[in-house]
Number of protein chains: 2
Amino acid sequence: MGIKERKELEKKEMRKLILDTAMKLFLEKGFENITLRNIAEKIEYSPATIYLYFKDKDEIIYTLHREGFEELYRWQQKILPVKDPLERLYRHAEMYVSFALENPEYYDLMFIKRAPINRIKEMKLKDGMRWDIGMRSFDFLKENIKECMKAGAFRNTDVCVAAFSLWAYVHGIVSLIIRERCDVFGEEQIRCLVKGSLDFMQQNMIVNNIKKEEQ
Amino acid sequence: MGIKERKELEKKEMRKLILDTAMKLFLEKGFENITLRNIAEKIEYSPATIYLYFKDKDEIIYTLHREGFEELYRWQQKILPVKDPLERLYRHAEMYVSFALENPEYYDLMFIKRAPINRIKEMKLKDGMRWDIGMRSFDFLKENIKECMKAGAFRNTDVCVAAFSLWAYVHGIVSLIIRERCDVFGEEQIRCLVKGSLDFMQQNMIVNNIKKEEQ
DNA sequence: ACAGATACTAAACACCGTTCATTAACTAAA
DNA sequence: TTTAGTTAATGAACGGTGTTTAGTATCTGT
């Protein structure tokens with residue numbers, strides 16, 4: 001039965017077409033300004049057609065939200081070649097900031113927007129405590145920190161607390177920028193603040209911990 | 001002309017009634033779920049009436065946004081009695097987290113939501129680089145940091161960078177919580193993470209800087 | 001008592017996400 | 001090949017949103 005398979009393939013392609021178009025429009029004009037009717041118009045289908053492929057708008061958003069996490073995980077793999085765990089942790093932070101600022105709409109979706117959370121809650125209630133895709137990236141960070149601990153950093157600190165602290169720190173930086181709370185500073189100074197903050201973090205949170213032990 | 005004054009007073013009272021009702025509803029049911037019609041119904045006026053007192057919904061949001069900053073500034077004054085600048089800086093962070101978690105809707109409005117920013121941009125274009133109300137609180141933090149520097153902390157660090165770093169750090173913590181990115185951890189562990197992160201900050205960003213100089 | 005300003009609103013407008021009855025196109029069996 | 005049944009797509013509607021406007025009362029000063 002080659003027909004069944006072809007149909008399924010077409011269905012998948014249509015889903016992908018909708019998702020890609022949606023994301024393209026989001027990137028172009030910003031999230032808040034895009035409606036289902038915009039997406040439908042762009043792919044030259046009726047708005048009702050979209051409902052044959054997605055339950056509602058939230059499901060589109062949630063799917064893109066998952067794609068964002070896949071992409072972030074791919075970015076995280078790029079720092080693996082860095083062997084020194086302390087250096088890698090710094091690169092980790094740097095990479096996170098770059099990911100966020102180069103893919104602000106994805107980042108917004110993944111860590112700021114309310115929309116995808118509703119769907120996640122729904123799924124947890126239905127499927128009973130599903131695995132959260134973001135946890136994989138958080139564990140990746142924790143592993144990095146554990147290795148730093150073996151190298152002598154973060155003594156007397158809980159792994160989870162250290163990971164959360166660093167995450168919150170870089171999230172704070174990028175989310176203030178993405179949500180335009182730094183615009184008073186101007187573009188050039190923002191760049192300095194980001195670079196300065198990362199170095200500040202490296203000196204005080206990462207390297208200092210070791211120096212203290214060595215003295 | 002006592003009547004003119006009475007009329008103006010009534011106008012102000014109506015504005016306040018609308019704002020208070022709006023905020024009350026926001027706090028009760030969450031921001032996204034409140035419409036102008038809800039507010040109008042609650043104060044028993046027609047939706048159109050609101051437009052006699054506010055240009056549009058954004059102006060209501062923007063006004064509440066300003067009220068939030070007034071409140072934050074009031075909270076900031078509460079730490080002034082703490083004389084040791086390092087201790088005060090820690091209390092500063094603690095206070096900020098408390099403010100955010102006890103007034104999540106205000107905090108969301110002030111530092112996360114996109115809505116009020118549009119109006120701010122408009123005003124900047126029209127009035128030409130207006131004073132940003134949030135800057136006052138940021139300067140307050142910078143003053144605190146300057147005093148810490150006099151006490152020997154934050155050597156070789158730009159005041160602005162240090163202030164931005166600490167701000168981003170606490171903002172990261174609370175915004176991840178407010179936007180429900182920590183729910184996997186559970187309520188009790190979140191409390192531990194917050195407390196742990198603040199202590200982590202104190203040890204590594206504030207106190208460590210001094211110890212290094214003393215050795 | 002009357003003219004003019006003021007406060008208010010019903011009704012409409014243009015959108016939004018979503019649903020549903022209906023139509024058109026394709027598939028499988030007679 | 002015809003026919004019955006499934007599938008894909010849509011036009012039109014529904015109830016909701018923020019917002020505008022034309023019109024109606026009420027109050028003010030002469």
Side-chain angles (χ1 to χ4, degrees), chain A residues 1-19 21-23 25-26 29-65 109 113-119 122, chain B residues 1-19 21-23 25-26 29-65 109 113-119 122:
Chain A
M1 275 294 156
I3 280 177
K4 264 258 147 53
E5 288 157 19
R6 201 199 64 207
K7 290 265 164 167
E8 270 178 32
L9 193 79
E10 275 173 7
K11 195 132 196 164
K12 257 188 189 156
E13 275 171 4
M14 184 64 167
R15 270 181 72 96
K16 190 161 159 39
L17 177 64
I18 293 170
L19 287 173
T21 308
M23 199 63 212
L25 287 174
F26 290 155
K29 318 225 172 170
F31 215 99
E32 343 289 328
N33 308 315
I34 299 303
T35 71
L36 276 182
R37 284 175 160 90
N38 294 147
I39 301 169
E41 195 184 5
K42 193 82 175 182
I43 60 176
E44 294 181 301
Y45 280 89
S46 139
T49 304
I50 294 181
Y51 285 84
L52 301 178
Y53 298 90
F54 293 93
K55 195 191 133 207
D56 53 22
K57 199 186 182 187
D58 271 4
E59 192 173 311
I60 298 178
I61 292 172
Y62 173 71
T63 311
L64 290 173
H65 164 271
L109 214 53
K113 277 215 163 16
R114 281 244 159 78
I117 297 298
N118 305 327
R119 177 55 50 98
E122 254 179 54
Chain B
M1 278 292 158
I3 280 178
K4 264 258 146 54
E5 288 158 19
R6 201 199 65 207
K7 288 266 163 169
E8 269 178 34
L9 193 78
E10 274 174 8
K11 195 131 196 164
K12 255 187 190 159
E13 275 171 4
M14 185 65 167
R15 270 181 73 96
K16 190 161 158 43
L17 176 64
I18 293 170
L19 287 173
T21 309
M23 200 64 214
L25 288 174
F26 290 155
K29 320 225 171 169
F31 215 99
E32 344 289 329
N33 308 315
I34 299 303
T35 71
L36 277 181
R37 284 174 161 89
N38 294 148
I39 301 170
E41 196 184 5
K42 193 83 174 183
I43 60 177
E44 293 182 301
Y45 280 89
S46 137
T49 304
I50 294 181
Y51 285 84
L52 301 176
Y53 299 89
F54 294 93
K55 196 191 132 206
D56 53 22
K57 200 187 182 187
D58 270 5
E59 192 172 310
I60 297 178
I61 291 172
Y62 173 72
T63 310
L64 291 172
H65 163 271
L109 214 51
K113 278 218 163 15
R114 281 242 159 79
I117 297 298
N118 305 326
R119 177 53 50 97
E122 255 180 53

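Note: hydrogens, waters and symmetry copies are ignored here, and every other heavy atom, side chains too, is used. Proteins get letters first, then strands, A, B, ... in listed order; numbering begins at 1 in each.
- To the nearest 0.5 Å, the span separating CG on A:L25 from CE on A:M23 amounts to 10.5 Å.
- Distance CG/A:N118 to OH/A:Y62: 12.5 Å, rounded to 0.5 Å.
- Within 6.0 Å of the CD atom in A:E41, the count of heavy atoms belonging to other residues, nucleotides or ligands does not exceed 12.
- Look at CD1 on A:I61: it is 9 Å from P on C:dG17, rounded to the nearest Å.
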Could you give me the CA-CA distance, side-chain angles and deciding distance for A:R15 and A:E10, then say whether side chain to side chain contact (heavy atoms under 4.5 Å, CB included) is met? CA-CA 9 Å; A:R15 270 181 72 96; A:E10 275 173 7; over 6 Å; no

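- The distance from atom CD1 of A:I39 to atom P of C:dT18 is 11 Å, rounded to the nearest whole Å.
- Distance, B:E41 CD to C:dA10 C1': 16 Å, rounded to whole Å.
- B:I39 places none of its side-chain heavy atoms less than 4.5 Å from the side chain of B:T35.
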With B for base contact, S for sugar-phosphate-only contact and - for none (protein heavy atoms under 4.0 Å), nucleotides 9-19 of chain D reads BBB-B---BBB

